[in-house]
> 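Below you'll find the structure I mean.
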2 protein chains.
Amino acid sequence: MHLTLQDAETLVTGVFEANGVIPETARSVARALVHAEAAGQYGHGLRRVPAYVGQARSGKVDGKAKAFASRPRPAVLTIDAALGYAYPAFDIAVEMLPEIAREQGIALGLIHRSHHAGVMALTVERFAEQGLAALMFANAPASMAAWGGRKRLFGTNPIAFATPVAGEEPLVIDLALSTVAAGKIMAARQKGEGIPEGWAFDAEGRPTTDPHEAAKGLMAPSGGAKGAALALMVEILAAGLTGSNFSYEASSFMEDKGPPPSVGQTLIVIDPGAGTVSATERIAELAHQMASEDGVRLPGRRGQNARRAAIENGLDIEDEVMAAIKALA
Amino acid sequence: MHLTLQDAETLVTGVFEANGVIPETARSVARALVHAEAAGQYGHGLRRVPAYVGQARSGKVDGKAKAFASRPRPAVLTIDAALGYAYPAFDIAVEMLPEIAREQGIALGLIHRSHHAGVMALTVERFAEQGLAALMFANAPASMAAWGGRKRLFGTNPIAFATPVAGEEPLVIDLALSTVAAGKIMAARQKGEGIPEGWAFDAEGRPTTDPHEAAKGLMAPSGGAKGAALALMVEILAAGLTGSNFSYEASSFMEDKGPPPSVGQTLIVIDPGAGTVSATERIAELAHQMASEDGVRLPGRRGQNARRAAIENGLDIEDEVMAAIKALA
């Protein structure tokens with residue numbers, strides 16, 4: 001089915017409202033999921049609607065929650081997502097942190113009692129569009145072990161970063177600290193195929209190429225010990241500093257049973273003009289160096305191009321995805 | 001040769017002073033190199049003294065430089081390392097950023113016209129010892145390509161992080177974004193051995209197991225595309241925001257010829273009490289979860305134990321290293 005972005009947002013907003021989610025939150029969540037879909041991030045897009053709605057229905061996510069912010073220090077904003085979806089908390093961050101970052105030079109946003117962060121590239125990019133660099137860290141239900149261990153301790157714990165670039169679109173980096181996304185292992189299992197070595201470990205912590213063993217086991221950290229160390233760092237920044245559940249304490253983002261995941265996200269927003277007036281021009285030089293080389297693509301461009309095309313031409317939504325959404329209305 | 005840490009610092013300080021380095025800087029550099037040696041980071045320890053002194057002699061490093069700070073925004077400190085060594089600039093950061101971080105909740109330190117960052121674990125740990133979490137980013141002469149490219153664009157661009165832990169020593173993470181340190185490839189070349197696949201590329205960007213081809217080529221980023229993306233992020237944070245040379249513009253940290261490298265370092269210092277009073281207790285719970293598992297070690301402990309042993313028992317310094325140092329006095 002083909003829909004304009006606006007129509008897709010209206011449809012999805014309506015589905016959330018029909019399931020008891022307050023209108024402002026319904027719009028925020030719909031906007032995030034539709035833009036994820038538009039950016040080609042299908043795993044965080046419209047396919048999430050049934051799981052999201054299921055959690056509102058069961059009360060695992062509070063659809064009536066109102067996120068709110070306080071400012072305990074001049075350069076710090078804490079945002080209580082209030083056990084609702086994460087996106088309304090991100091909207092507050094996008095609205096309030098830029099002024100603090102411009103005034104103080106740097107601003108820290110600490111989000112707690114939160115939920116699935118979705119496509120963090122889209123959130124950090126909203127700061128870059130306002131002329132600010134932004135770093136973002138999130139934790140997630142545990143799927144990776146500490147290096148040398150076999151207990152699930154860390155989520156895939158993504159890091160995202162965006163910066164404005166003089167005369168160009170922002171550079172945007174967004175990566176999970178697992179070697180591959182969990183969805184790839186799920187897909188191999190559904191197709192009855194093996195997975196390459198290096199993607200996952202079995203429940204005993206041994207390398208496996210069997211996706212069934214992998215699903216019961218552990219995701220492999222990107223780059224081995226270094227990825228595991230960065231996942232620990234993200235755990236501390238996103239959960240430790242915000243007062244959130246650690247990944248090993250957090251419930252699923254997909255199932256509608258259990259207590260709220262109550263994870264955390266941390267944003268660090270920097271005014272690139274705080275240190276040197278020419279930062280964004282210098283970053284443009286670096287981007288041009290990269291872009292001048294065959295085979296190199298600038299991080300963020302693929303998603304930006306996909307979104308632009310979707311804004312212009314609309315979205316093609318698979319029939320089964322559309323049917324699942326409409327069944328919830 | 002066996003020396004106490006204090007005697008080693010005195011010896012090395014004297015060598016730098018004998019080569020025209022002002023006393024305060026000589027003490028700062030000697031302290032950093034001796035503590036790196038004590039932490040078992042030999043590649044950034046006393047073996048660096050000849051290269052460091054050579055650059056002071058040739059004027060590539062200004063041994064008479066005085067680093068100085070200014071505070072352009074309430075939460076930002078810019079530090080001009082003034083084309084001297086990096087460590088005096090770090091000393092200023094360690095002295096001034098904690099008060100700003102406690103007052104504002106977060107503080108940004110932007111260091112430019114700087115040099116080799118040495119063992120960043122030791123620098124971030126100095127903040128954790130004062131009750132603060134710290135993130136640090138540095139760029140370095142180019143040895144890695146953008147993903148898909150074969151031009152040297154990024155340094156191995158390390159990330160370091162330390163956090164206080166209630167009732168425990170700090171957790172400390174310090175990792176370069178290359179798969180291995182350049183020293184491992186140098187060592188294989190000297191021994192006439194091959195290197196494992198995945199460490200490096202030749203000058204055409206093809207995987208190589210020949211350390212000679214690797215030396216003319218490129219270091220492989222940790223985790224492939226994800227490590228390359230993080231190296232770009234560090235490049236922007238450490239060089240772009242500070243107004244420093246990008247890695248592809250920076251001269252060697254080892255040779256005494258050429259212009260100053262003039263690289264940058266960025267510090268983000270956070271008061272863990274800004275968001276939730278119990279952050280360091282919660283981080284202790286996470287550390288205990290990790291430590292309770294066989295085979296898992298807490299990042300930072302090996303260096304901390306080595307340093308403690310060296311403080312108690314002194315350092316064993318190889319004869320050739322000692323001879324090279326004494327020859328410079």
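Chain letters run A, B, ... following the sequence lines, proteins first and then strands; every chain starts at 1.
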> For the candidates A:I106, A:L135, A:V76, which exhibits the highest count of non-hydrogen atom pairs separated by less than 4.5 Å from chain B?
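The candidate making the most pairs under 4.5 Å is A:I106.
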> Do you know which of B:H112, B:E281, B:Q104, B:E235 has the most heavy-atom pairs under 4.5 Å to chain A?
B:Q104
> I'd like to know if B:R102 pairs up with B:E99 as an ion pair, taking the criterion as any Lys NZ or Arg NE/NH1/NH2 lying under 4.0 Å from an Asp or Glu carboxylate oxygen.
no
> Atom CZ in A:F161, atom CE in A:M120: separation rounded to 0.5 Å?
13.0 Å
> Is B:E103 salt-bridged to B:R71, going by a charged N under 4.0 Å from an acidic O?
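Yes, this pair counts.
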> Write down the atom of A:P261, the atom of A:N245, and the distance for their closest heavy-atom approach.
O-ND2, 2.9 Å
> When only pairs under 4.5 Å are counted, which of B:L230, B:D294, B:L110, B:T280 shares the most heavy-atom pairs with chain A?
B:L230
> Is the backbone N or O of A:A145 less than 3.5 Å from a side-chain atom of A:R150, with the two atoms forming a donor-acceptor pair by type?
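Pair absent, no side-chain N/O of A:R150 close to backbone of A:A145.
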> Would you please go through residues 221-228 of chain B and name the residues with a non-hydrogen atom below 4.5 Å from one of chain A, in numerical order?
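At a heavy-atom separation under 4.5 Å, chain A is reached by B:S222, B:G223, B:K226.
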> Could you tell me whether A:E204 atom CD has more than 12 heavy atoms of other residues or ligands within 6.0 Å of it?
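Atom CD in A:E204 is packed in, count exceeds 12.
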> Got a sec, which residues hit ring-ring contact (aromatic ring centres under 6.0 Å, His included) with A:F246, two or more places apart in sequence or on another chain?
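Testing A:F246 for ring-ring contact (aromatic ring centres under 6.0 Å, His included), a comparison that skips the adjacent residues, returns A:Y248.
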> Hey, what do you get for CZ (A:R282) to CD (B:E249), rounding to the nearest 0.5 Å?
4.0 Å
> Side chain, backbone, both or neither: which part of A:L286 has an atom under 4.5 Å from a heavy atom of chain B?
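Backbone plus side chain of A:L286, per the 4.5 Å heavy-atom cut-off to chain B.
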> Looking at B:K151, I'd like to know if its NZ atom is crowded, meaning that more than 12 non-hydrogen atoms belonging to other residues, nucleotides or ligands lie closer than 6.0 Å.
yes
> Specify which of B:A239, B:A176, B:G198 makes the most heavy-atom pairs with chain A at under 4.5 Å.
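Result: the option with the highest number of such pairs is B:A176.
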> Where on B:I283 is there a heavy atom nearer than 4.5 Å to chain A: the side chain, the backbone, both, or neither?
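Contact with chain A involves both backbone and side-chain atoms of B:I283.
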> As an exercise, state the distance from CG of A:L97 to CD1 of A:I79, rounded to the nearest 0.5 Å.
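The CD1 atom of A:I79 is 6.0 Å from CG of A:L97, to the nearest 0.5 Å.
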> Any donor-acceptor pair under 3.5 Å linking the side chain of B:Q304 with the backbone of B:E169?
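Here the side-chain-to-backbone pair does not exist.
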> Where do A:A287 and A:L171 come nearest, in terms of heavy atoms and distance?
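For A:A287 and A:L171, the tightest heavy-atom pair comes out as CB-CD1, 4.5 Å.
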> Which atoms of B:A101 are under 4.5 Å from chain A, going by heavy atoms: the side chain, the backbone, both sets, or neither?
backbone
> To the nearest 0.5 Å, what is the distance between CZ on B:F137 and CD1 on B:I268?
5.0 Å
> Against chain A, label B:L153 side chain, backbone, both or neither, depending on which of its atoms sit under 4.5 Å from a heavy atom there.
side chain
> What part of B:S244 is in contact with chain A, defined as an atom under 4.5 angstrom from a non-hydrogen atom: side chain, backbone, both or neither?
backbone
> Which one wins on heavy-atom pair count under 4.5 Å against chain A: B:T266, B:L175, B:T78, B:T242?
B:L175
> Checking B:T163 against chain A: side chain, backbone, both or neither under 4.5 Å from a heavy atom?
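For B:T163, the contact with chain A is made by the side chain alone.
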> Quick check for you: among A:G205, A:A133, A:G295, which has the greatest number of heavy-atom pairs under 4.5 Å with chain B?
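Top option by heavy-atom pairs under 4.5 Å: A:G295.
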> Just how far is it from atom OG1 of B:T179 to atom CD1 of B:I195, taken to the nearest 0.5 Å?
10.0 Å
> For A:A284, give me all partners under side chain to side chain contact (heavy atoms under 4.5 Å, CB included), at least two apart in sequence or on another chain.
A:V165, A:A166, A:H288
> Spell out the residues in residues 269-279 of chain B that have some non-hydrogen atom less than 4.5 Å away from a non-hydrogen atom of chain A, in order of number; otherwise answer 'none'.
B:I270, B:D271, B:P272, B:G273, B:A274, B:G275, B:T276, B:A279
